[in-house]
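The structure appears right after this line, and notes come after that.
Bear in mind the structure is a predicted one, so any value in this text is a computation, not a measurement. Per chain, numbering begins at 1; letters A, B, ... match sequence-line order.
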There are 2 protein chains.
Amino acid sequence: MNVKTLCLGFLAMREATGYEIKKEFEEGFFSHFIEASYGSIYPALNQLAAQALVTVREEEQEGKPDKKVYAITEAGRAVLGKWIAVVPARDRYKSEFLFEMMLQQYLSREHVVMAVETQLAHLRSELENIKHCRGKCVDPGMLSGGPDFVLGYGETVLTAAVSYLELKLVELGVPQAPSVAAE
Amino acid sequence: MNVKTLCLGFLAMREATGYEIKKEFEEGFFSHFIEASYGSIYPALNQLAAQALVTVREEEQEGKPDKKVYAITEAGRAVLGKWIAVVPARDRYKSEFLFEMMLQQYLSREHVVMAVETQLAHLRSELENIKHCRGKCVDPGMLSGGPDFVLGYGETVLTAAVSYLELKLVELGVPQAPSVAAE
DNA sequence: GCCGATATATATCCGTTCGACATATATCGG
DNA sequence: CCGATATATGTCGAACGGATATATATCGGC
């Protein structure tokens, strides 16, 4: 599933600029399971426009740089249906944290504790983000099933991970869960 | 955390060939949170050897291709400690499955059910793999903390995901969980 | 008041990495 | 006997990530 498909999929929900897409891939509904850099988003949008799967509308702004707003076309919606109707590939998961934990014997106890606490902070901030996304989700005529399903999945998995690490911190002899504010 | 570090980290546990490293990244202890292709593993091993962080021993075999067995050096263990003693970066997670679920409205109900069942099969096979790894883990003088911690983390997260999807399948009106043999 | 940091916005560059392919041999099942 | 699978190393092109460049406006701190 390449960046072109990801951008087209996002534009199927609402029109946006390249900058906004990147931001939403970092903070929005898609942030838990999608990653893409400017270096791949901007070329992808150009290609989509060249194939007439999206339209571009240049808007001049005062005090801010001009922007190019991309919107999906009917042809775009049609090919999107084809591009995503494939047997989903295995999830891909990479974790520096677990790699370090695997090689604990090469690290000091202090570093291990720090790494676990860092990971906990990351997981908790993602959980916060999901709650925030749920808040945005209720009012608009939002496609109900999709986001709900996806946010629930993320919430379930992250909550389980947090519980596991909190337990492990106790086993490591760390006083108490330093509350949510320990970012 | 680049492929060079990953290979060095693996070789810190036992000596191996490039082929074996790739296999273990797919099936072994590291498989749940590490990915690397031949196209990056073989060049990485050559670089590690050039820096004298690993040694190479060429072994001729009958009926099989010759192999190059890589083993970490003392210098290698020293730099490994430095390379992994960094604040771990955020986990990276990409999921075609969740992307498709987000865009359910562009898919048929049959496809959604198929996608969920495929995902369930993937998760269950990973869980099986973890159990299998635990089996291998007990007897050798294996570094106890590391693998245990990591396998437990994976087990926790995967189990939570499986439960969530089983529930969603019922909500989708799919008769019954088609047992573990539904790969 | 000015200086640095942050936000908005697009774009390109280089290095890393992936996925597919090439090569070679041996075994196993239909 | 033929194709698939396993062992083993390696390369190549395309995709991709991370950093940087460019331009402007605002906001907070000293």
Quickly work out the E35(B) CD to dA15(D) P distance and round it to whole Å.
19 Å
Specify the separation, in whole Å, of atom OH of Y19(A) and atom P of dT24(D).
17 Å
Within this structure, what is the CG-to-C1' distance between L6(B) and dC18(C), rounded to whole angstrom?
14 Å
Would you mind telling me which residue lines up with the more 5' stretch of DNA chain D, M1(A) or G39(B), judged by nearest nucleotide?
G39(B)
Let me know the distance between CD1 of I21(B) and P of dA8(D), rounded to the nearest Å.
12 Å
Establish, from distance only, whether the side-chain atoms of Q119(B) and Y153(A) form a donor-acceptor pair under 3.5 Å.
yes
Does a nitrogen or oxygen in the side chain of K94(A) sit under 4.0 Å from OP1 or OP2 of dC18(C)?
yes
With heavy-atom distances below 4.5 Å as the criterion, would you say the side chains of T159(B) and L123(B) are in contact?
no
So what does S37(B) touch, heavy atoms closer than 4.0 Å: a base, only the sugar-phosphate, or nothing?
base
Base, sugar-phosphate or nothing for G18(A)? Non-hydrogen atoms, less than 4.0 Å.
sugar-phosphate
Measure from NZ on K68(A) to P on dA9(C) and round the result to the nearest Å.
14 Å
How long is the line joining NZ of K67(B) and P of dT25(C), in whole Å?
18 Å
Please work out if K4(A) contacts a base, only the sugar-phosphate, or nothing of the nucleic acid, heavy-atom cut-off 4.0 Å.
nothing
For R92(B) and dG18(D), is the shortest distance between a side-chain N/O and OP1 or OP2 below 4.0 Å?
yes
Presence of T17(A) side-chain N/O under 4.0 Å of dT8(C) phosphate oxygens OP1/OP2:
no
dG30(C) -> Watson-Crick or G-U wobble partner, both distances under 3.5 Å, gives dC1(D)
Side chains of Y42(A) and Q47(A): donor-acceptor distance under 3.5 Å anywhere?
no
Return the value, rounded to whole Å, for the distance between atom CD of E58(B) and atom C1' of dG10(D).
13 Å
Separation of dG19(C) atom C1' from R90(A) atom CZ, nearest Å, is 17 Å
Of all heavy-atom pairs linking V116(A) and F149(B), the shortest is CG2-CZ, 4.3 Å
K23(B) side-chain N/O to dT7(D) phosphate OP1/OP2 under 4.0 Å:
yes
Using a cut-off of less than 4.0 Å, is there contact between a side-chain N or O of S40(A) and OP1 or OP2 of dG17(D)?
yes
Please check if the distance between the ring centroids of F10(A) and F30(A) is under 6.0 Å.
yes
Does dA20(C) have a Watson-Crick or wobble mate here (both distances under 3.5 Å), and if so which one?
dT11(D)
Check the phosphate of dT9(D) against Y42(B), side-chain N and O only, distance under 4.0 Å to OP1 or OP2. Yes or no?
yes
